[in-house]
Novice: 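Right, I'll just put the structure down here and ask away after.
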Amino acid sequence: MVEEGKNEVLEDSRSAEDCLSNAQELVPMALDKAREVKGFPGRWKMIISKLEQIPSRLSDLSSHPCFSKNALCKEQLQVVSKTLKEAIELAEVCIGEKYEGKLRMQSDLDALTGKLDLNLRDCGLLIKTGVLGEATLPLPVGSSAESEAADHGNLRELLARLQIGHLEAKHRALDSLVEVMKEDEKDVLSVLGRSNISALVQLLTATSPRIREKTVTVICSLAESGSCENWLVSEGVLPPLIRLVESGSAVGKEKATISLQRLSMSAETARAIVGHGGVRPLIEICRTGDSVSQASAACTLKNISAVPEVRQALAEEGIVKVMINLLDCGLLLGSKEYAAECLQNLTASNENLRRSVIAEGGTRSLLAYLDGPLPQESAVSALRNLVGSVPMEVLVAFGFLPRLIHVLRSGSLGAQQAAASAICRVCSSSETKKLVGEAGCVPLLIKMLEAKSNSAREVAAQAISSLVTVSQNCREVKRDDKSVPNLVQLLDPSPHNTAKKYAVFCLGSLSSSKKCKKLMISYGAIGYLKKLTEMDIPGAKKLLERLERGKLRSLFMRK
């Protein structure tokens with residue numbers, strides 16, 4: 001033990017040149033001994049072929065201008081020397097036929113072959129990673145540039161260690177990388193290369209659960225940084241991440257799910273997750289996972305559901321029931337919101353999926369979700385997608401109309417817009433229009449005409465144009481002081497104003513009232529309508545004629 005410790009100290013004190021010289025001396029000794037062996041001819045032939053490749057790798061290393069200044073290079077030469085000594089020892093045992101058993105020796109020779117393979121690969125990687133070139137030209141002592149170059153050099157060496165050496169050495173490098181990323185993630189990202197990503201992805205399948213857990217922690221940080229998603233995916237990160245979601249530790253599952261959440265923002269990657277069998281484990285996390293994992297899995301599935309061609313595959317895995325359950329019982333508000341967005345995507349263009357959501361009780365769950373103080377646009381949009389497939393009497397029984405009023409009063413502009421769109425879809429009969437008007441929607445829609453968003457103004461005007469075909473709703477619009485001024489503003493002929501055709505229709509319905517006609521004229525409707533008539537906007541010419549007749553009549557009455 002003491003002798004072994006002394007040898008290690010002596011090895012550490014040697015220069016890189018000494019280590020190179022030692023390895024170069026050992027190669028011919030190992031080859032001579034290997035060629036003397038008579039037993040196990042197939043295995044020794046393989047070992048000899050690998051030993052013969054070592055000199056060229058050593059030459060590649062020694063010819064690099066920065067060869068002697070890199071600690072990793074010296075360590076690699078020490079490892080090569082150790083393997084060569086092992087080859088000499090095994091050859092001597094075989095020559096003397098002093099081995100304990102044939103099977104044991106076969107196993108030892110196979111292990112030696114593996115070590116030689118690893119040594120050859122790692123020597124090549126030292127050149128390939130560019131880590132040897134990190135010894136830069138001298139900089140002024142104490143300068144910030146010197147400090148930065150040193151930091152980058154250390155980082156590149158650390159990243160190279162993820163690819164070089166045995167598993168335990170990689171484990172130590174991984175520990176260091178986790179700590180460095182906690183302190184300065186940007187610095188790591190600035191020197192990260194594709195080969196480092198590849199090495200990390202390979203460590204996701206290591207036999208050690210601890211290594212897998214630490215690796216997925218680093219990969220999660222990389223995915224969240226948004227700077228190397230393409231590299232991660234192209235280097236094959238999806239299958240091992242999905243396996244970790246399926247059967248990793250609690251931390252492994254959480255970090256893998258968060259990684260997939262970020263990566264699934266790309267439609268191409270979302271399709272690939274489905275193709276690699278990722279849907280089922282994500283759905284299982286939604287059923288059984290902790291709050292953070294559940295929210296991440298729900299978000300990932302929501303991202304995937306945005307791709308139309310995979311929606312049926314999601315439905316076949318049972319996503320509809322799971323999302324409705326999350327909407328009812330999700331551990332975090334985020335989980336509920338992602339579930340609502342997922343249902344919105346699923347019901348956007350597929351009648352079969354709409355029927356499935358309705359059959360699983362999705363209508364009632366979406367309506368209940370809207371009872372919160374800030375009703376979410378996603379839930380209102382999902383309901384808008386469903387209303388055409390649900391009988392009005394069922395919607396009324398479920399409390400659809402009071403929820404619409406709540407959204408129009410308290411929701412975001414996007415939620416209000418979705419509510420107005422739902423009104424447009426649901427108002428297919430005079431009776432329904434009457435119910436909507438009685439619920440109190442009209443004043444809120446008139447107020448929406450003042451929104452800054454053109455699309456919100458358009459859908460509000462469209463909803464009003466549908467409602468005013470019922471006389472009691474028309475009377476309510478006439479009574480509202482803001483209706484005429486707001487609608488006249490929407491006669492603006494500019495191309496970006498897409499609400500003008502609905503505004504013309506609404507004002508046409510109000511023009512039977514003398515008071516409303518006077519207001520229209522006073523707010524400048526005639527000037528707008530002349531331009532709209534030239535543009536052939538339906539109803540503009542008729543309304544213009546009606547207003548101009550009224551204006552002439554009032555002039556004659558004054559005289």
Side-chain angles (χ1 to χ4, degrees), residues 384 387-388 408 413 416-434 436-437 441-554:
R384 176 201 59 205
V387 289
L408 289 171
L413 186 59
Q416 290 175 17
Q417 190 174 322
S421 180
I423 290 170
C424 296
R425 292 194 183 189
V426 84
C427 287
S428 55
S429 69
S430 297
E431 185 58 36
T432 301
K433 293 174 186 179
K434 188 178 174 185
V436 171
C441 289
V442 172
L444 298 168
L445 289 169
I446 290 169
K447 188 179 179 183
M448 258 185 85
L449 298 175
E450 301 168 4
K452 290 182 179 178
S453 160
N454 174 63
S455 55
R457 293 194 302 269
E458 180 185 7
V459 75
Q462 185 183 357
I464 295 167
S465 70
S466 177
L467 292 172
V468 292
T469 58
V470 172
S471 57
Q472 73 178 50
N473 292 338
C474 191
R475 285 195 297 272
E476 189 168 357
V477 175
K478 288 174 184 176
R479 283 195 299 267
D480 194 304
D481 292 339
K482 292 184 176 181
S483 60
V484 172
N486 288 351
L487 287 165
V488 170
Q489 287 297 309
L490 295 186
L491 295 176
D492 180 357
S494 62
H496 75 270
N497 174 30
T498 52
K500 45 186 172 276
K501 63 180 179 180
Y502 300 116
V504 169
F505 182 87
C506 292
L507 290 168
S509 300
L510 303 181
S511 63
S512 58
S513 160
K514 289 181 182 179
K515 178 189 171 185
C516 289
K517 275 197 289 189
K518 284 180 181 178
L519 282 170
M520 290 177 210
I521 293 165
S522 67
Y523 280 103
I526 288 176
Y528 285 136
L529 288 166
K530 283 178 179 177
K531 291 176 183 175
L532 295 182
T533 300
E534 292 169 7
M535 294 166 66
D536 290 328
I537 299 296
K541 185 178 180 181
K542 186 177 178 181
L543 180 57
L544 175 61
E545 289 170 353
R546 192 175 292 178
L547 294 184
E548 284 183 326
R549 280 199 305 270
K551 191 175 181 183
L552 282 170
R553 195 177 296 119
S554 65

Novice: Looking at Leu519 and Ser522, what are the two nearest heavy atoms and their distance?
Specialist: O-OG, 2.8 Å
Novice: Check whether any side-chain heavy atom of Ser466 lies under 4.5 Å from a side-chain heavy atom of Cys427, and answer yes or no.
Specialist: yes
Novice: Using the rule given for side-chain contact (heavy atoms from CB on, under 4.5 Å), can you reason through Thr432 versus Ser429, listing the C-alpha separation, both sets of side-chain angles and the distance that settles it, and then say yes or no?
Specialist: CA-CA 5 Å; Thr432 301; Ser429 69; 2.9 Å; yes
Novice: May I ask you to test the Met520-Leu507 pair for a side-chain heavy-atom distance under 4.5 Å?
Specialist: yes
Novice: So how far is it from Glu534 CD to Leu544 CG, rounded to the nearest 0.5 Å?
Specialist: 10.0 Å
Novice: What pair of heavy atoms forms the shortest contact from Leu487 to Ala503, and how long is it?
Specialist: O-CB, 3.6 Å
Novice: I want to check something: taking the side chain as every heavy atom from C-beta on, are Ser494 and Asn497 in contact at a cut-off of under 4.5 Å?
Specialist: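 Yes, close enough: below the 4.5 Å cut-off.
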Novice: Counting N and O atoms only, with roles assigned by atom type, does the side chain of Arg546 sit under 3.5 Å from a partner on the main chain of Ser511, one being a donor and the other an acceptor?
Specialist: no
Novice: Is Lys501 atom NZ crowded by more than 12 heavy atoms from other residues, nucleotides or ligands, each under 6.0 Å away?
Specialist: no
Novice: What's the shortest heavy-atom distance between Leu467 and Lys433, and which atoms?
Specialist: CD2-O, 3.7 Å
Novice: Determine the minimum heavy-atom distance between Ala461 and Leu449, stating which atoms define it.
Specialist: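 Closest approach of Ala461 to Leu449, heavy atoms only: N-CD2, 3.6 Å.
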Novice: So, does Arg425 use its side chain to make a donor-acceptor pair with the main chain of Gly388 at under 3.5 Å?
Specialist: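 It does not hold such a pair.
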Novice: Is there any salt bridge (charged side-chain N to carboxylate O under 4.0 Å, His left out) pair reaching into residues 459-487, and which pairs are they, with sequence neighbours excluded?
Specialist: Glu450-Lys482
Novice: Does any non-hydrogen side-chain atom of Val488 lie less than 4.5 Å from one of Tyr528?
Specialist: yes
Novice: Give me the atom names and distance for the closest heavy-atom approach of Val504 to Gly539.
Specialist: CG1-C, 3.4 Å
Novice: Identify the heavy atoms of Val470 and Ser430 that sit nearest to each other, and give their distance.
Specialist: CG2-O, 3.9 Å
Novice: What distance do Ile521 atom CD1 and Cys516 atom SG have between them, rounded to the nearest 0.5 Å?
Specialist: 11.5 Å
Novice: Only one of Asn486, Ile423, Val436 clears side-chain contact (heavy atoms from CB on, under 4.5 Å) with Leu445; which?
Specialist: Ile423
Novice: Stepwise, does the side-chain contact (heavy atoms from CB on, under 4.5 Å) test hold for Met448 with Arg457?
Specialist: CA-CA 6 Å; Met448 258 185 85; Arg457 293 194 302 269; over 6 Å; no
Novice: Are the side chains of Val477 and Leu510 in contact, using a 4.5 Å heavy-atom criterion?
Specialist: yes
Novice: Tell me whether Asn473 contacts the main-chain N or O of Val442 through its side chain, where contact means a donor paired with an acceptor under 3.5 Å.
Specialist: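 Pair absent, no side-chain N/O of Asn473 close to backbone of Val442.
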Novice: Output, in order, the C-alpha distance, side-chain angles, deciding distance and verdict of side-chain contact (heavy atoms from CB on, under 4.5 Å) for Glu548 and Lys530.
Specialist: CA-CA 11 Å; Glu548 284 183 326; Lys530 283 178 179 177; 3.5 Å; yes
Novice: I'd like to know whether Ser509 forms a side-chain contact (heavy atoms from CB on, under 4.5 Å) with Thr469, so could you lay out the CA-CA distance, the side-chain angles of the two residues, the decisive distance to 0.1 Å, and finally the verdict.
Specialist: CA-CA 8 Å; Ser509 300; Thr469 58; 5.9 Å; no
Novice: Under 3.5 Å, is there a donor-acceptor pair between the side chain of Thr533 and the main chain of Leu529?
Specialist: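 Looks like yes, one N/O pair under 3.5 Å.
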Novice: How about Val468 and Phe505: do any of their side-chain heavy atoms sit closer than 4.5 Å?
Specialist: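 Answer yes - side chains close enough.
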Novice: Are the side chains of Ile537 and Leu491 in contact, using a 4.5 Å heavy-atom criterion?
Specialist: no
Novice: So do the side chains of Lys500 and Met535 get within less than 4.5 Å of each other, counting heavy atoms only?
Specialist: yes
Novice: If you round to the nearest 0.5 Å, how far is SG of Cys506 from CD of Gln462?
Specialist: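 Interatomic distance, Gln462 CD to Cys506 SG, rounded to 0.5 Å: 10.0 Å.
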